[in-house]
Trainee: 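Quick one: the structure is below, and I'll ask about it shortly.
Quick caveat: nothing in here was measured; it's all calculated off a predicted structure.
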Amino acid sequence: MCTRRYINKYTNHLGYFTVEDEKMPFTYANDMQRKDVIALGDIVYFMFVDGELMKIGKAGGAGGFYSRANTYARGVDGDATNRRIIEVMNSLNRDRIDVFYVQCPRHVIEYYCPLTGDLITEEVSTHKNVEVRLTQNYLSEDTNRDLPFCNQLN
């Protein structure tokens, strides 16, 4: 199950967003630099406001969370999720969103190409599957739970 206890026990603090009018700049924890954040690889992240879980998300690929943080930082000029986050934060009269994460290492798999029959070895990511499973588990633990920053749940 994905209880808050597990999130608190097994995640690391990545930093926090500050909602400033229509933007959301990010401040990294522990003097992390761009290279450190990219080196995390694929992650699942958890956004908290005053200790309440507001979103479970994923970031991966070449830019990882560094790229995702830059998208959030654009605020209302970004995507619909950004606008929703700012709307929720304004309704709560809050300005700080703490972000925690877990790494989701890629796994090496082998399979035979159905067209050529060649043996293929490649890495596959798991962060999307982990995000979906943790979100489903978290919401199913209590029917009154919600993740207010998630557009796809509404």
Side-chain angles (χ1 to χ4, degrees), residues 1-108 123-154:
M1 297 305 262
C2 177
T3 63
R4 189 169 295 136
R5 178 174 56 101
Y6 287 114
I7 293 171
N8 291 339
K9 184 174 181 179
Y10 293 108
T11 62
N12 296 299
H13 191 230
L14 189 52
Y16 60 91
F17 289 99
T18 306
V19 177
E20 300 173 358
D21 297 318
E22 297 185 341
K23 302 290 183 192
M24 297 188 317
F26 192 74
T27 302
Y28 290 101
N30 304 321
D31 296 324
M32 291 180 89
Q33 303 294 315
R34 177 182 183 272
K35 65 180 178 58
D36 303 318
V37 177
I38 291 173
L40 293 174
D42 298 343
I43 67 168
V44 170
Y45 61 90
F46 307 86
M47 298 174 114
F48 283 88
V49 175
D50 291 336
E52 292 297 319
L53 184 59
M54 307 298 272
K55 178 177 178 60
I56 300 173
K58 67 181 178 316
F65 188 80
Y66 181 81
S67 294
R68 189 65 187 113
N70 286 334
T71 300
Y72 282 130
R74 294 181 60 212
V76 297
D77 294 332
D79 59 20
T81 299
N82 292 10
R83 290 186 290 279
R84 177 161 184 86
I85 289 170
I86 290 173
E87 177 184 298
V88 170
M89 292 299 286
N90 287 338
S91 73
L92 295 172
N93 198 26
R94 296 289 182 260
D95 64 0
R96 182 176 166 134
I97 304 165
D98 281 289
V99 180
F100 296 82
Y101 73 95
V102 290
Q103 291 177 283
C104 299
R106 294 176 178 226
H107 293 274
V108 176
E123 288 186 335
V124 295
S125 60
T126 60
H127 65 300
K128 179 179 180 179
N129 297 46
V130 172
E131 177 210 19
V132 168
R133 182 175 303 266
L134 293 177
T135 299
Q136 290 171 345
N137 287 351
Y138 180 78
L139 294 173
S140 69
E141 288 174 354
D142 183 339
T143 58
N144 293 319
R145 280 193 176 159
D146 188 16
L147 292 169
F149 291 170
C150 296
N151 275 329
Q152 65 270 28
L153 298 177
N154 298 311

Trainee: So, using ring-ring contact (aromatic ring centres under 6.0 Å, His included) as the criterion, who are the partners of Y66 when residues are at least two apart?
Mentor: none
Trainee: Are D42 and K58 close enough for a salt bridge, meaning some N to O gap below 4.0 Å?
Mentor: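 Not counted as a salt bridge, because no side-chain N and carboxylate O are separated by less than 4.0 Å.
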Trainee: Tell me the closest heavy-atom pair linking A73 and P25, and the distance in Å.
Mentor: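 Nearest pair, atom of A73 first, then P25: CB-CA, 4.3 Å.
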Trainee: Could you pull out the closest heavy-atom pair between R84 and P148, with the gap in Å?
Mentor: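 Closest approach of R84 to P148, heavy atoms only: NE-O, 2.8 Å.
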Trainee: Would you confirm whether D79, through its side chain, and T81, through its main-chain N or O, come within 3.5 Å as a donor-acceptor pair?
Mentor: yes
Trainee: Does E22, at its CD atom, have more than 12 non-hydrogen atoms belonging to other residues, nucleotides or ligands within less than 6.0 Å?
Mentor: no
Trainee: Taking all heavy atoms of C104 and all of V44, pick out the closest pair and write down the distance.
Mentor: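 Distance-wise, the nearest heavy atoms are SG-CG2, 3.6 Å.
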Trainee: Can you list the residues that meet the salt bridge (Lys or Arg N to Asp or Glu O under 4.0 Å) rule with R34, with sequence neighbours excluded?
Mentor: none
Trainee: Hey, is CG on N30 packed in by over 12 heavy atoms from elsewhere, all under 6.0 Å?
Mentor: no
Trainee: Assess R145 against Y138: is NZ or CZ under 6.0 Å from the centre of the six-membered ring, and within 45 degrees of the ring's axis?
Mentor: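 Yes; both conditions hold, so R145 lies above the ring face of Y138.
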Trainee: Under a 4.5 Å cut-off applied to non-hydrogen side-chain atoms, are V76 and I86 in contact?
Mentor: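 Of all side-chain heavy-atom pairs linking I86 with V76, at least one is under 4.5 Å.
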Trainee: Can you pull the salt bridge (Lys or Arg N to Asp or Glu O under 4.0 Å) pairs that have at least one residue in residues 90-101, sequence neighbours excluded?
Mentor: D50-R94, R96-D98
Trainee: Run the salt bridge (charged side-chain N to carboxylate O under 4.0 Å, His left out) check on R83 and E87 step by step: do they pass?
Mentor: CA-CA 6 Å; R83 290 186 290 279; E87 177 184 298; over 6 Å; no
Trainee: Quick one: are F46 and L53 in side-chain contact, heavy atoms under 4.5 Å?
Mentor: yes
Trainee: Can you check whether I85 reaches M24 side chain to side chain, under 4.5 Å on heavy atoms?
Mentor: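 Answer yes - side chains close enough.
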Trainee: Which residues pass the side-chain hydrogen bond (donor to acceptor under 3.5 Å, both in side chains) test with D77, sequence neighbours left out?
Mentor: K23
Trainee: Closer than 3.5 angstrom, by distance alone: can the side chain of D36 be matched with the main-chain N or O of Q33 as a donor-acceptor pair?
Mentor: yes
Trainee: Does the side chain of F149 come within less than 4.5 Å of V88's, by heavy atoms?
Mentor: yes
Trainee: Quick one: closest heavy-atom pair of A29 and H13, and the distance?
Mentor: CB-ND1, 3.6 Å
Trainee: With rounding to the nearest 0.5 angstrom, report the SG to NZ distance, C150 to K55.
Mentor: 4.0 Å
Trainee: With a 4.5 Å limit on heavy-atom distance, are the side chains of R68 and Y45 in contact?
Mentor: yes
Trainee: Would you please name every residue forming a side-chain hydrogen bond (donor to acceptor under 3.5 Å, both in side chains) with R74, sequence neighbours left out?
Mentor: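 Partners of R74 under the side-chain hydrogen bond (donor to acceptor under 3.5 Å, both in side chains) test: none.
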Trainee: Residues two or more places apart in sequence or in another chain: which of them pass ring-ring contact (aromatic ring centres under 6.0 Å, His included) with F26?
Mentor: F17, Y28, F65
Trainee: Measure from the side-chain N and O atoms of N82 to the backbone N and O of T71, and report whether any donor-acceptor pair falls under 3.5 Å.
Mentor: yes
Trainee: Within the 4.5 Å heavy-atom criterion, are M54 and F48 side-chain neighbours or not?
Mentor: no
Trainee: Say whether, by atom type as modelled, one donor and one acceptor occur between the side chain of Q103 and the main chain of L40 under 3.5 angstrom.
Mentor: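 Yes; at least one donor-acceptor contact below 3.5 Å.
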Trainee: What is the minimum heavy-atom distance between A59 and G64, and which atoms define it?
Mentor: CB-C, 3.8 Å
Trainee: When you compare the side chain of I43 with that of L14, does any pair of heavy atoms fall below 4.5 Å?
Mentor: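 The answer is yes, as the side chains (C-beta and beyond) meet within the 4.5 Å cut-off.
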Trainee: Starting at CD1 of I56, measure out to CG of L134 and round the result to the nearest 0.5 Å.
Mentor: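 Result: 5.5 Å between the selected atoms.
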